[in-house]
Chemist: 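Please find one structure pasted underneath; my questions will follow.
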Amino acid sequence: MCGRFTITRPAREVQELFNLTELPEFLQPRYNAAPSQMIPVVGLKPNSEERGCVPMRWGFVPRWNKDEKGGFKPINAMRETVATNGVFRASFKDRRCLIPMDGFFEWQKVGKEKQPYLFRPAALAAFAGVWDAWKAPGSGEPVFTFAVITTTPNSIVEPVHNRMPVILDPACFAAWLDPNTPAAGALELLKPYPADKMTAVPVNRALNNARHDAPDCIEPV
DNA sequence: CCAGACGTTGTT
DNA sequence: GTCTGG
DNA sequence: CCAGACGTTGTT
DNA sequence: GTCTGG
């Protein structure tokens, strides 16, 4: 699964790779992006083919939820069920998104301690995700939330965990975002990231505290 | 037709 | 043990 | 994902 | 929103 990640590259670089019209000023280096936080997400602007990067809350709230707060908010969606399950189905069809990232974390239990590992793709890339907008009945600003899609681990991640987030190569960005890409085609894009392009290293347990977001979170131990 | 459910991970 | 907040 | 909280009554 | 069960 994926419950923490990094996006440390400068906004300028993200703008270029994701082909954004505007500089995503909201995007600051994150060494410990965690669930429930506001995180930069790339999607298509309404009724447009133009891409935007906006803050969304990590933890999926479907639009039909009675309240925004209550209930379980999944941070992940399984590749195997994201297209068919009622929670994600509509978003998978119409509201796919990219979450810019350059590393993610998984934990290994060592006795009582939880040892985090940092896994990094070869270059700046993106998680595949789905988003939705929740609005209070009547009026109010919508709340945007998202979930990261997970799949089976590659051989680098497998010793530490039995799931890993789907990382998309930039070559797949356009097809993933396009709502005209049929479900079968979108599912085709969701492959485990190649192990030979990924590195793994155990890191400082300072990472474990979600309130701590600093470069020492990616410090090898 | 209406009512009710709809999640992931990890651990056991 | 289980839920909430970050 | 992990860390941290988790209660009532009465009094201020 | 959309599917399943009754």
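Below, chain A is the first sequence line, B the second, and so on; all start at residue 1. The model shown is predicted, which means the values in this text are computed figures rather than measured ones.
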Chemist: I want to verify a distance call: between C/dG6, B/dT9, E/dG1, whose nearest atom is closest to the A/Met78 side chain?
Modeler: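 Shortest atom-to-atom distance from the side chain points to B/dT9.
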
Chemist: Separation of A/Met101 atom CE from D/dC1 atom C1', in whole Å?
Modeler: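 Checked: the CE to C1' distance equals 15 Å.
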
Chemist: Nearest 0.5 Å, please: how far is CG in A/Asn204 from CG in A/Asp216?
Modeler: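 One finds 5.0 Å between CG of A/Asp216 and CG of A/Asn204.
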
Chemist: Please state how far atom CH2 in A/Trp58 lies from atom P in D/dC1, giving the value in whole angstrom units.
Modeler: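 My rounded result for the distance is 10 Å.
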
Chemist: Using a 4.0 Å heavy-atom cut-off, does A/Phe60 contact any base of the nucleic acid, only the sugar-phosphate backbone, or nothing at all?
Modeler: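 It contacts nothing in the nucleic acid.
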
Chemist: Within a radius of less than 6.0 Å around CD of A/Glu16, do more than 12 heavy atoms belonging to other residues, nucleotides or ligands occur?
Modeler: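 No.
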
Chemist: Starting the side chain at C-beta, find the nucleotide from B/dT8, C/dG6, B/dT9 nearest to A/Arg211.
Modeler: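 From the listed options, C/dG6 comes nearest.
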
Chemist: Could you work out, with side-chain contact (heavy atoms from CB on, under 4.5 Å) as the rule, every residue matching A/Asn209, not counting sequence neighbours?
Modeler: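 side-chain contact (heavy atoms from CB on, under 4.5 Å) check on A/Asn209 returns A/Arg211, A/His212.
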
Chemist: Restricting to pairs with a member in residues 113-124 of chain A, which pass salt bridge (Lys or Arg N to Asp or Glu O under 4.0 Å), not counting sequence neighbours?
Modeler: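 Output for this query lists A/Glu113-A/Arg205.
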
Chemist: Closer than 4.0 Å, any side-chain N/O of A/Asn162 to the OP1 or OP2 of B/dG10?
Modeler: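 Result: yes.
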
Chemist: Can you pull every protein N or O that's under 3.5 Å from an N or O on nucleotides 2-4 of chain E?
Modeler:
from: E/dC3; atom 1: OP1; to: A/Arg89; atom 2: NE; distance (Å): 3.2
from: E/dC3; atom 1: OP1; to: A/Arg89; atom 2: NH2; distance (Å): 2.7

Chemist: Looking only at side-chain N and O atoms, does A/Arg63 come under 4.0 Å of OP1 or OP2 in E/dG1?
Modeler: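 Answer is no, no contact under 4.0 Å.
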
Chemist: Considering only side-chain heavy atoms of A/Thr150, which listed nucleotide, E/dG1, D/dC2, B/dT9, is closest?
Modeler: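 Of all the options, the side chain of A/Thr150 is nearest to B/dT9.
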
Chemist: Less than 6.0 angstrom separating the ring centers of A/Phe127 and A/Trp58, yes or no?
Modeler: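 Centroid separation for A/Phe127 and A/Trp58: 6.0 Å or greater.
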
Chemist: When the P atoms of B/dC6 and C/dG6 are compared, how many Å lie between them, rounded to an integer?
Modeler: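 Those two atoms are separated by 28 Å.
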
Chemist: Between D/dC2 and B/dT8, how far is it from one C1' atom to the other, in whole Å?
Modeler: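 Their C1' atoms lie roughly 15 Å apart.
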
Chemist: Considering only heavy atoms, which members of residues 33-41 of chain A lie under 4.0 Å from some atom of DNA chain C?
Modeler: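 Heavy-atom cutoff 4.0 Å gives A/Pro35, A/Ser36.
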
Chemist: Rounded to whole angstrom, note down the C1' distance from B/dA5 over to D/dG7.
Modeler: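 About 34 Å, rounded to a whole number of Å.
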
Chemist: Heavy atoms only, 4.0 Å cut-off, all strands: where does A/Ser91 land among base, sugar-phosphate and nothing?
Modeler: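 Since no nucleic acid heavy atom lies under 4.0 Å of A/Ser91, the category is nothing.
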
Chemist: Would you say A/Leu23 and A/Arg12 make side-chain contact, with heavy atoms under 4.5 Å?
Modeler: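 With C-beta onward as the side chain, the pair touches.
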
Chemist: DNA chain B: stems of at least 3 consecutive Watson-Crick or G-U pairs, cut-off 3.5 Å?
Modeler: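 Correct response: B:1-6 with E:1-6.
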
Chemist: To the nearest 0.5 Å, how far apart are OG1 in A/Thr8 and CD1 in A/Ile218?
Modeler: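 One finds 6.0 Å between OG1 of A/Thr8 and CD1 of A/Ile218.
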
Chemist: Where the side chain of A/Trp64 is concerned, which of E/dG1, B/dT8, C/dG6 is the nearest nucleotide?
Modeler: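 Out of E/dG1, B/dT8, C/dG6, the nucleotide with an atom closest to A/Trp64's side chain is E/dG1.
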
Chemist: I need the A/Glu106 CD to A/Arg163 CZ distance, nearest 0.5 Å.
Modeler: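 Output value for this atom pair is 11.0 Å.
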
Chemist: Could you tell me if A/Arg95 sits above the aromatic ring of A/Phe92, with its cationic atom closer than 6.0 Å to the ring centre and no more than 45 degrees from the axis?
Modeler: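 No, a cation-pi geometry is absent between A/Arg95 and A/Phe92.
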
Chemist: Between B/dT9, C/dG6, D/dC2, which nucleotide gets closest to the side-chain atoms of A/Asn208?
Modeler: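 The closest nucleotide is D/dC2.
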
Chemist: Side chain to side chain donor-acceptor pair (under 3.5 Å) with A/Asn180: which residues, sequence neighbours excluded?
Modeler: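 Partners of A/Asn180 under the side chain to side chain donor-acceptor pair (under 3.5 Å) test: A/Asp178.
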
Chemist: For the pair made of CG in A/Asp213 and C1' in C/dG6, what is the distance, rounded to whole Å?
Modeler: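 My rounded result for the distance is 11 Å.
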
Chemist: Return yes if some donor-acceptor pair links the side-chain N/O of A/Asp213 with the main-chain N/O of A/Tyr31 below 3.5 Å, else return no.
Modeler: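 Pair found, side chain donor or acceptor close to backbone of A/Tyr31.
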
Chemist: Atom NZ of A/Lys109 to atom C1' of D/dA3: distance rounded to whole Å?
Modeler: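 Checked: the NZ to C1' distance equals 14 Å.
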
Chemist: In whole angstrom, give me the gap between the P atoms of D/dT9 and C/dC3.
Modeler: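 Those two atoms are separated by 23 Å.
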
Chemist: Is atom CD of A/Glu50 surrounded by more than 12 heavy atoms (other residues, nucleotides or ligands) closer than 6.0 Å?
Modeler: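 It does: A/Glu50 CD has more than 12 such atoms within range.
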
Chemist: Without decimals, in angstroms, what is the distance between A/Phe119 CZ and D/dC1 P?
Modeler: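 Atom-to-atom, A/Phe119 to D/dC1, this comes out as 14 Å.
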
Chemist: From CG of A/Asn65 over to P of B/dA5, roughly how many Å is that when rounded to an integer?
Modeler: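 Rounded to whole Å, this separation is 13 Å.
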
Chemist: Looking at A/Arg57 and A/Ser36, would you say the former's side chain and the latter's main chain have a donor-acceptor pair under 3.5 Å?
Modeler: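 Pair found, side chain donor or acceptor close to backbone of A/Ser36.
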
